[in-house]
Engineer: 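Below: one structure in structure tokens.
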Amino acid sequence: MVKAFRNTVMALTFVVVAGSNIIWSLLDDYVACGLAVAASVTAGFCAERAFIKRSHSEMIRQHGADWQAGSERIESGGPTRTAKAEK
């Protein structure tokens, strides 16, 4: 679902930016398409990052403030075992 949403955001951003630049003839067509590609990639990364932050917040809400993502746990030197492995 995240991938489909990200791709939709990227496509819509490309169409809006390229279309507005081409319709109003603000820039050369090639520059407008390049700008639209850059804007759509940036929008895609921002949308994907929003989903990641939301899932991290949800995990913290469900499992408490001690929950950390695996990469953060390794960098901080904290425990790497899960609750199931400890039982």
Engineer: Can you see which heavy atom on Ala47 is nearest to which on Phe5, and at what distance?
Structural biologist: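 Residues Ala47 and Phe5, closest heavy atoms: CB-CE2, 4.2 Å.
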Engineer: OG1/Thr8 to NZ/Lys3 distance, rounded to the nearest 0.5 angstrom?
Structural biologist: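 If we round to the nearest 0.5 Å, Thr8:OG1 and Lys3:NZ are 12.5 Å apart.
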Engineer: Does atom CZ (Phe45) have a neighbourhood of more than 12 heavy atoms from anything else shown, all under 6.0 Å?
Structural biologist: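 No, because the 6.0 Å sphere around CZ of Phe45 holds 12 heavy atoms or fewer from other groups.
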Engineer: For Val17 versus Ala39, what's the shortest heavy-atom pair and its separation?
Structural biologist: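 Scanning both residues completely, I find the closest heavy atoms to be CG2-CB, 4.1 Å.
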Engineer: Would a single hydrophobic cluster contain both Tyr30 and Phe14, if residues Ile, Leu, Val, Met, Phe, Trp and Tyr are joined by side-chain heavy-atom contacts under 4.5 Å?
Structural biologist: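 Phe14 does not cluster with Tyr30.
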Engineer: Do Lys53 and His56 come within less than 4.5 Å of each other through their side chains, counting heavy atoms only?
Structural biologist: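 Side chain of Lys53 against side chain of His56, heavy atoms only: no contact under 4.5 Å found.
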Engineer: Check the hydrophobic clustering (I, L, V, M, F, W, Y; side-chain heavy atoms under 4.5 Å; chains of links allowed) and say if Phe51 and Val9 are grouped together.
Structural biologist: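 Yes, Phe51 connects to Val9 through the hydrophobic network.
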Engineer: Give, for atom OG of Ser57 and atom CD1 of Ile52, the distance between the pair rounded to the nearest 0.5 Å.
Structural biologist: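 Separation between the atoms: 12.0 Å.
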